[in-house]
Structure formats: structure tokens, C-alpha cells
J.: 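Questions regarding the structure given below will be posed in turn.
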Amino acid sequence: MASVESPEKDSLLILWDFNLGRRVASLKACANKLLGVAFSHDDKLLATVGLDAQGRCQVVVWDVALLVAVKAVVDLSKAAAIVAKQVSD
């Protein structure tokens, strides 16, 4: 499960172990403002949609296993966990 904290600026993406009811990772997202998150059907990938610092729409696909391994990072913009990234013009 994933949730977003402080969605207005410098969003924090939180990954949860639903069965244990605890956080497994708290990560600063690439987007300045996260608008949505969704897992793939097999829970291996996580897609985030948000706005970057210039107000452009940004979609990032993450490798969930690598995100959980990272635990907490100040800036994920160049993280190895990024599978794909697209920013609007």
C-alpha cells in the first residue's frame, strides 16, 4: 500500500506493509506535488503522477523492491529504482 504525506509541496511517498500495519519506506518523491499513486497488478511496479517544480506533469514508474530496499532517501530524482520517467512539455 502507498500513501502521500504533505501533498502540496515536497511530497513524501510512504510505502506500507498492509499485513503488518507498518511503514516499510518513507521517500521524498521526484514530483514537487504528488497527485496520485497506483501499483501494477503484480505489485512489482508503482506509478506516481505529480507536478514538477515548473508545474509540468510528471509520471514516474518505480521498482517497488528497490524502493523498499532504499528505506529513506533525501532525493529520489536519480534513484536506481526509477524504471521509466516522462515529463510533459
Side-chain angles (χ1 to χ4, degrees):
M1 190 164 117
S3 64
V4 177
E5 212 172 84
S6 304
E8 293 303 317
K9 188 177 179 202
D10 295 332
S11 297
L12 187 65
L13 176 63
I14 302 168
L15 299 181
W16 300 86
D17 182 321
F18 183 77
N19 293 326
L20 297 176
R22 65 177 178 88
R23 289 181 187 202
V24 292
S26 299
L27 311 154
K28 183 176 176 189
C30 288
N32 200 36
K33 178 180 179 181
L34 276 178
L35 302 173
V37 297
F39 283 95
S40 62
H41 71 284
D42 61 2
D43 293 330
K44 291 182 178 183
L45 300 174
L46 175 70
T48 59
V49 178
L51 302 176
D52 69 7
Q54 290 76 38
R56 299 174 301 181
C57 184
Q58 176 177 276
V59 178
V60 181
V61 178
W62 307 87
D63 180 314
V64 174
L66 292 175
L67 283 178
V68 171
V70 170
K71 300 285 186 202
V73 173
V74 174
D75 182 8
L76 284 175
S77 62
K78 296 175 182 70
I82 294 176
V83 175
K85 182 177 178 179
Q86 180 66 42
V87 178
S88 66
D89 291 334

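Computed from a predicted model, the values in this text were never measured in an experiment.
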J.: Looking at Asp52 and Gln54, what are the two nearest heavy atoms and their distance?
T.: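 Between these two residues, the closest heavy atoms are OD1-N, 2.9 Å.
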J.: State plainly whether one hydrophobic cluster holds both Ile14 and Phe18, where clusters connect Ile, Leu, Val, Met, Phe, Trp and Tyr through side-chain heavy atoms under 4.5 angstrom apart.
T.: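 Yes, Ile14 connects to Phe18 through the hydrophobic network.
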J.: In terms of hydrophobic clusters joined by side-chain contacts under 4.5 Å, are Leu13 and Val24 together?
T.: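 They do share one cluster, since a chain of ILVMFWY contacts under 4.5 Å joins Leu13 to Val24.
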J.: Taking all non-hydrogen atoms of both residues into account, name the closest pair between Leu45 and Asp63 and its distance.
T.: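 That closest heavy-atom pairing would be CD2-CA, 4.2 Å.
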J.: How far apart are the C-alpha atoms of Leu15 and Phe39, what are their side-chain angles, what is the distance that settles it, and do they pass the side-chain contact (heavy atoms from CB on, under 4.5 Å) test?
T.: CA-CA 11 Å; Leu15 299 181; Phe39 283 95; 4.3 Å; yes
J.: Taking all non-hydrogen atoms of both residues into account, name the closest pair between Cys57 and Val49 and its distance.
T.: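 So the minimum-distance heavy-atom pair works out to SG-CG1, 4.1 Å.
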J.: Just jot down the side-chain hydrogen bond (donor to acceptor under 3.5 Å, both in side chains) partners of Ser88, sequence neighbours excluded, or say none.
T.: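 If we apply the side-chain hydrogen bond (donor to acceptor under 3.5 Å, both in side chains) test to Ser88, skipping adjacent residues, there are no hits.
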